[in-house]
Amino acid sequence: MKAFVSLWSADPLDIGGDIDRVAGHADGFHIDVTDGHLTPQLLFGPDFVAAVRKRTELAIEVHLMVTHADVWIGPFLEAGADIVTVHRRSTRDLPATLARVAEGGATPGLAVETHEQVGDVTALAGAFDRLLLMGTEIGVKGVEVDPRVYGRIGEAVALREGMGGFDLFVDGGIRRHTVGLMAAAGADGVIPGSFVYGAPDPAARLAWLHGLR
Ligand SMILES: O=C(CO)[C@H](O)[C@H](O)COP(=O)(O)O
C-alpha cells in the first residue's frame, strides 16, 4: 500500500520539519487546495507548492477542490506539481481539463466524491491516470470514513482493467481500522493525514502501511 501524506494534517508552524520527518518513507505528498466556495475551507496556494517542491524530490499531488479548476492548473504546474487531481464539479468540460493537466506534463487525476457514481468514470477512460476515491466529504478532516467506500473501491478495481488502468487512491478517513480494509478491497494507496502526523513515530506508521495488502 502506497502513501501520499497530506500536508493539511502537518503542523502548520513546522511543515518543513514534518516533510523531512517522513521524506524517506512516504511515496509522495498530497496538497489540498480549497477556495471556501466549492469547499468550506481556505487552503494552500501555488507559492506553498513551490516551497514544498524546493524541500522534497518526492512526488507532489495537488488536489484541486475549487470552483474553477481550469484557472489554477497552470499556476500549480509552474509551482512543480507532479499530479493534479480535479473534480467533476470544478469544470464544465472535464475531458478538456484533464487533457490540460497532461499537456502540461503532469499526471491527470480524477476525484470521485461520496455522492458520485463510480461507474461514471468509464466515459473518461484514458483521460486520467489516477483515481482519487473520496472516503469522506471534501474539505473536512478528522472525520470517519463513509463505510460504502470499501464496495466502491471494489467497483473501481473491476472497472479499471477495461479502461487501460489507473492508480487507485483513497482520500479521507484513513485510520488503523479502515486502511487494512481499503488495501484488501484493492486500493493501491491512501492519503493519510493525522494517521501519520498524529502518530508517535510517523516513519514507523508509514512502514506499517507499506506492509499492507
Ligand atoms: O482532504 C483530506 C480529507 O478529505 C485530507 O487528506 C486530510 O488531511 C485528512 O485528514 P485526516 O486523515 O487527519 O482526517
Side-chain angles (χ1 to χ4, degrees), residues 1-15 17-19 21-22 25-45 48-49 52 56 58-67 69 72 76 81-90 109-116 118 130-150 152-153 167-183 187-206 208-209 212:
M1 177 70 103
K2 292 182 195 159
F4 272 54
V5 180
S6 174
L7 292 180
W8 187 16
S9 297
D11 177 352
L13 295 182
D14 186 20
I15 288 187
D18 271 350
I19 289 171
R21 266 183 275 286
V22 303
H25 310 276
D27 298 288
F29 290 101
H30 179 95
I31 299 179
D32 289 310
V33 176
T34 67
D35 61 359
H37 187 245
L38 190 80
T39 38
Q41 274 288 344
L42 282 175
L43 285 168
F44 301 130
F48 175 75
V49 172
V52 174
T56 179
L58 289 182
I60 296 174
E61 175 180 30
V62 167
H63 181 188
L64 281 183
M65 293 178 275
V66 299
T67 302
W72 293 107
F76 281 106
D82 299 293
I83 304 165
V84 178
T85 297
V86 299
H87 285 251
R88 193 175 286 277
R89 288 196 282 147
S90 293
L110 174 63
V112 176
E113 297 183 47
T114 52
H115 65 270
E116 293 176 325
V118 174
R130 183 181 184 90
L131 187 71
L132 189 70
L133 196 58
M134 297 307 304
T136 61
E137 295 297 309
I138 61 170
V140 298
K141 64 176 178 173
V143 298
E144 286 294 314
V145 79
D146 180 331
R148 290 174 299 179
V149 76
Y150 310 113
R152 288 162 62 79
I153 293 167
D167 275 341
L168 175 56
F169 275 66
V170 184
D171 183 14
I174 307 306
R175 308 284 180 261
R176 184 176 280 280
H177 60 280
T178 64
V179 73
L181 295 171
M182 290 170 185
D188 300 307
V190 290
I191 312 297
S194 55
F195 186 57
V196 164
Y197 284 126
D201 184 347
R205 183 135 297 176
L206 282 164
W208 178 83
L209 262 174
L212 291 177

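All values below come from the heavy atoms of this structure, side chains included, with hydrogens, waters and symmetry mates left out. Positions are given from 1, in the same order as the sequence printed here. Start at 1 and go down the list; that is how both ligands and their atoms are numbered.
For ligand 1, the 4.0 Å heavy-atom shell takes in S6, W8, S9, D32, M134, T136, V140, K141, G142, D171, G172, R175, I191, G193, S194, ordered by chain and residue number.
Of the possible donor and acceptor atoms, none in the side chain of R130 sits under 3.5 Å from a partner among the backbone N and O of T85. Judged by distance alone, the side chain of D11 and the main-chain N or O of D18 form no donor-acceptor pair under 3.5 Å.
Ring geometry, F76 versus W72: the interplanar angle falls from 30° to 60°, so the pair is classed tilted. Ring geometry, F195 versus W208: the interplanar angle exceeds 60°, so the pair is classed perpendicular (tilted spans 30 to 60°).
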Identify each donor-acceptor pair in which a side-chain atom of residues 135-145 lies under 3.5 Å from a protein atom, sequence neighbours left out, and give them as a table.
{"residue": "E137", "atom": "OE2", "partner": "T114", "partner atom": "OG1", "Å": "3.0"}
{"residue": "K141", "atom": "NZ", "partner": "W8", "partner atom": "O", "Å": "2.9"}
{"residue": "E144", "atom": "OE1", "partner": "H177", "partner atom": "NE2", "Å": "3.0"}

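I15 and P12 make their closest contact through CG1-CA, 3.9 Å (heavy atoms, listed as atom of the first residue, atom of the second, distance).
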